[in-house]
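The structure appears below as structure tokens.
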Amino acid sequence: MVDRAPDPDAPPFPRPAGLAPPPPINRLKELRLGFDSIRFTLTSPTLLGAPRGDDRTTLVVPGFKTDDRSLLPLRTFLRRRNHDARPWRQGVNDGDVDRLLDATVERTHELVERSGRPINLIGWSLGGVYVREVARDHPDLVHRVVTMGTPLFGPHHTLGHTFYDTERLDRIAAQIDDRYRTPIECPILTIYSRNDGVVDWKACPDTWSPDVTLFETPSAHIG
């Protein structure tokens with residue numbers, strides 16, 4: 001991870017009130033996966049009209065405890081719409097943010113050198129944390145960022161918080177407070193859902209970066 005000096009004059013980012021891991025009842029919302037699959041099938045013809053890309057390289061990063069296989073349908077769709085979608089190639093996302101962020105930077109450098117221009121970064125859940133921080137530290141490498149169900153205030157407000165001890169959670173919170181004073185300069189698309197049963201949906205919308213588009217979807221976290 002690259003350390004950048006925070007701007008002491010930067011305004012504090014707005015941390016939503018009442019953030020907490022989704023209660024057990026919310027986990028039932030992830031049972032919407034079957035419904036989401038049906039809805040996707042019914043609406044897929046409209047996706048054929050989605051704008052085509054310009055063959056720009058797009059790195060797609062999976063979420064916590066998943067690997068590149070989880071986002072194969074997304075990469076396939078992007079390729080059909082003329083986006084050069086590439087896998088992350090770091091195995092399972094085990095939540096080791098420092099190590100995997102460095103690996104994501106290296107992968108981004110590799111793809112930028114190969115394509116000759118800044119690339120798009122897409123991250124699902126924890127994968128969105130990596131792509132945002134790559135864009136924050138290396139704005140010259142990144143054209144656009146897309147996050148899907150990404151917790152912006154650490155794992156405290158996700159079901160994954162049980163994988164971290166209290167000391168680690170506090171250290172992550174302190175890192176966030178420091179790093180978020182350096183803005184992400186490229187355009188960001190933030191996708192979130194109130195039906196998210198894994199991440200508190202209020203922790204997902206970016207309401208402070210300079211160039212953000214928010215998009216709410218009815219699907220669950222996995223869907």
Side-chain angles (χ1 to χ4, degrees), residues 1-7 10 13 51-64 66-68 70-72 74-79 81-154 172 175-192 204-215:
M1 181 181 296
V2 176
D3 292 325
R4 299 178 66 183
D7 179 359
F13 61 89
R52 292 182 60 82
D54 61 355
D55 200 34
R56 185 182 295 273
T57 298
T58 299
L59 177 61
V60 184
V61 181
F64 187 49
T66 67
D67 59 21
D68 287 323
S70 64
L71 294 179
L72 176 59
L74 176 59
R75 295 198 308 275
T76 300
F77 169 75
L78 290 171
R79 288 168 182 159
R81 302 313 298 167
N82 200 37
H83 297 274
D84 182 20
R86 300 298 185 100
W88 189 45
R89 292 183 177 172
Q90 304 303 325
V92 174
N93 184 349
D94 63 6
D96 186 345
V97 174
D98 290 340
R99 177 179 62 84
L100 291 176
L101 176 55
D102 288 343
T104 306
V105 170
E106 292 180 7
R107 179 70 168 140
T108 301
H109 269 290
E110 172 193 340
L111 294 175
V112 169
E113 290 177 1
R114 182 179 302 174
S115 67
R117 59 177 174 170
I119 67 172
N120 296 321
L121 301 178
I122 299 178
W124 174 40
S125 195
L126 180 58
V129 173
Y130 303 155
V131 303
R132 282 174 58 90
E133 295 313 302
V134 171
R136 192 186 313 278
D137 287 340
H138 305 277
D140 56 316
L141 302 180
V142 183
H143 177 252
R144 183 180 298 272
V145 164
V146 179
T147 62
M148 304 179 292
T150 293
L152 303 184
F153 304 100
I172 291 172
Q175 286 179 321
I176 289 172
D177 288 342
D178 286 340
R179 293 181 63 79
Y180 278 22
R181 291 184 179 277
T182 300
I184 298 174
E185 299 173 2
C186 70
I188 303 170
L189 171 62
T190 299
I191 301 173
Y192 67 97
C204 297
D206 180 342
T207 60
W208 64 89
S209 291
D211 187 356
V212 181
T213 300
L214 300 180
F215 183 86

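Every heavy atom of this structure was used, including side-chain atoms; hydrogens, water molecules and symmetry mates were not.
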Check: Is the shortest heavy-atom distance from the side chain of L59 to the side chain of V134 under 4.5 Å?
Finding: no
Using side-chain heavy atoms (C-beta onward) and a distance below 4.5 Å, is T207 in contact with V212?
no
Assess whether atom CZ of F77 is packed by more than 12 heavy atoms of other residues, nucleotides or ligands within 6.0 Å. yes
TODO: Please examine the side chains of R132 and T147, heavy atoms only from C-beta on, and report whether any two atoms are closer than 4.5 Å.
DONE: yes
Closest non-hydrogen contact found for P62 with D67 is CB-O, 3.4 Å
Rounded to the nearest 0.5 Å, the OG1 atom of T104 sits from the CZ atom of R99 at a distance of 9.5 Å
C204 and Y192 have their tightest heavy-atom pair at CB-CB, 3.7 Å
Closest non-hydrogen atoms of L78 and I122, given as atom of the first, atom of the second and distance, are CD1-CD1, 3.7 Å
Result for side-chain hydrogen bond (donor to acceptor under 3.5 Å, both in side chains) between N120 and one of H83, R144, H143 points to H143
Rounded to the nearest 0.5 angstrom, the CG-NE2 distance for D140 and H109 is 7.0 Å
Query raised in the report: Any side-chain heavy-atom pair from Q90 and V61 closer than 4.5 angstrom?
Result: no
Closest heavy-atom pair, F153 versus I176, reported as atoms and distance to 0.1 Å, is C-CD1, 3.3 Å
Is it the case that the side chain of D206 and the backbone of W208 share a donor-acceptor pair, with hydrogens and angles ignored and the cut-off at 3.5 Å? yes
Here the gap from D211 atom CG to L189 atom CG, rounded to the nearest 0.5 Å, amounts to 10.5 Å
Is there a side-chain contact between R107 and P87, using heavy atoms and a 4.5 Å cut-off? yes
Heavy-atom closest pair (I184 atom, A135 atom, distance to 0.1 Å) is CG2-CB, 3.9 Å
*Carboxylate-amine/guanidinium contact D84 R114, below 4.0 Å*: no
Only residue of L100, L71, V60 satisfying side-chain contact (heavy atoms from CB on, under 4.5 Å) with W88 is L100
Quiz item: Are any side-chain N or O atoms of S125 and backbone N or O atoms of G127, one a donor and one an acceptor, separated by less than 3.5 Å?
Solution: no
Flag the pair E133 / R136 as yes when at least one side-chain heavy-atom distance between them is below 4.5 Å, and no otherwise.
yes
Would you indicate whether the side-chain heavy atoms of Y130 and L121 approach each other to under 4.5 Å?
no
### Query
Under a 4.5 Å cut-off applied to non-hydrogen side-chain atoms, are W124 and N93 in contact?
no
>> D137 vs V105, test: side-chain contact (heavy atoms from CB on, under 4.5 Å). Steps then yes/no.
In response: CA-CA 9 Å; D137 287 340; V105 170; over 6 Å; no
When every non-hydrogen atom of R86 is compared with those of R79, the smallest separation belongs to CA-NH2, 4.4 Å
ask   = Is a donor on one side and an acceptor on the other found under 3.5 Å between the side chain of R89 and the backbone of D68?
value = no
